[in-house]
Amino acid sequence: MKTIDVNLNNPYKILIDFGLLNRTGELIKPIINGSKVVIVSDETVWNLYGKALSESLDGIKHQVYILPSGEETKSIKYFEALCEYFAEIGLIRTDLVISFGGGVVGDLAGFASASYMRGVPFIQIPTTLLAQVDSSVGGKTAINLKHGKNLLGAFWQPMLVITDVSLLDSLESREFQAGMAEVIKYGAIESKELFDSLLKYEDKNELMKNIVKIIYNCCDIKRKIVEDDELDLGVRMKLNFGHTFGHAIERAGDYKQYTHGEAVALGMIIASKIGEKLGITAHGCSDKLIEVISRHKLPVNADLDYKELIKYIVKDKKKTQSGINLILLNEIGKSLIHTIDADVLLGLVERGI
Ligand code: GLY
């Protein structure tokens, strides 16, 4: 088992290995403080793995709250319903919430844990690659508003992250690939070694043999960044490489045309081409990105209306008063935050990238 210690005000561990779900009871016993344990999951995950999780709790009394699967669940409606459920069963601040699912469940259960009684301890058991390398780590919790994604949220760190990579076996290919976009992102912004290694794997079987190491590397990069900038005021913004355009692409496709990972993959290519045009990114970086991205079966081009995308970007919370914060690469493995005026950006992309 690989372990990462996240050293924040309330330190916690990320545990990564095959077969950890069956050891959940043993792993959480030392941190259970109160009497109640509530598992929050969704229909898909619970149908597949609910029995295994319940059995592994080995006598620890628990209640289960099942949400519908899908992004629509990350809403005020389900947030309210979950908090009302916490109140109904008499959850108190020394009890424990276990989030068992992908990013939607983790973000919603995390935000409900952050908000209910001003904070209840929670544990993350992420079940998708995307959640295992990104959303379960670092304490960002949120729900969506009609005006945009993740507009209502809080920083609320988990007490423990249990990452069982065996759970990835049941992930659909497209969802697995979406997680790979975030893996590629970590390599691009912080680790040439990780980035280059992603060209080595011939197929998913090969990759799965190395998945513990890959997830460890991603989470360790994120750990360092979050320890430096927990509240996302500086260096943590680098984790948004590919996301400025990515979020706009997702939104332009009404969240149906592209998965988050597909949109981020396209966004990383756009950002590196912009960086090359500005003379900030070393020539050839976008070609390297395209090579890795296509190797992992993610899209490398799309018919995009840049004017519309920049309209969304300007509305997005990533814009500051001085302009849009774009994350660019100096080269593969090195990144920076570059603030750019929206009109300058539009001019650049309209002249063709
Ligand atoms: N997913 C980006 C971050 O946690 O900051």
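First listed ligand is number 1; within each ligand, the first listed atom is number 1. If you read the sequence from its start, that first residue is 1, and numbering goes on from there.
The protein heavy-atom contact nearest to atom 4 (O) of ligand 1 is K222 NZ, 2.6 Å. Scanning the protein heavy atoms around atom 5 (O) of ligand 1, the nearest turns out to be R236 NE, 2.7 Å.
A donor-acceptor pair is defined here as one N or O able to donate and one able to accept, closer than 3.5 Å; no such pair exists between the side chain of N144 and the backbone of G148.
Between S335 and I327, the closest heavy-atom pair is CB-CG2, 4.4 Å.
Using a 4.0 Å cutoff on heavy atoms, H243 does not count as a contact of ligand 1. Within the 4.0 Å heavy-atom cutoff, D232 does not count among the residues contacting ligand 1.
Taking the centre and axis of the six-membered ring of F241, the NZ or CZ atom of K185 falls outside the cone set by 45° and 6.0 Å.
Just one of I143, T141, D107, L145 meets the side chain to side chain contact (heavy atoms under 4.5 Å, CB included) condition when paired with N150; it is D107.
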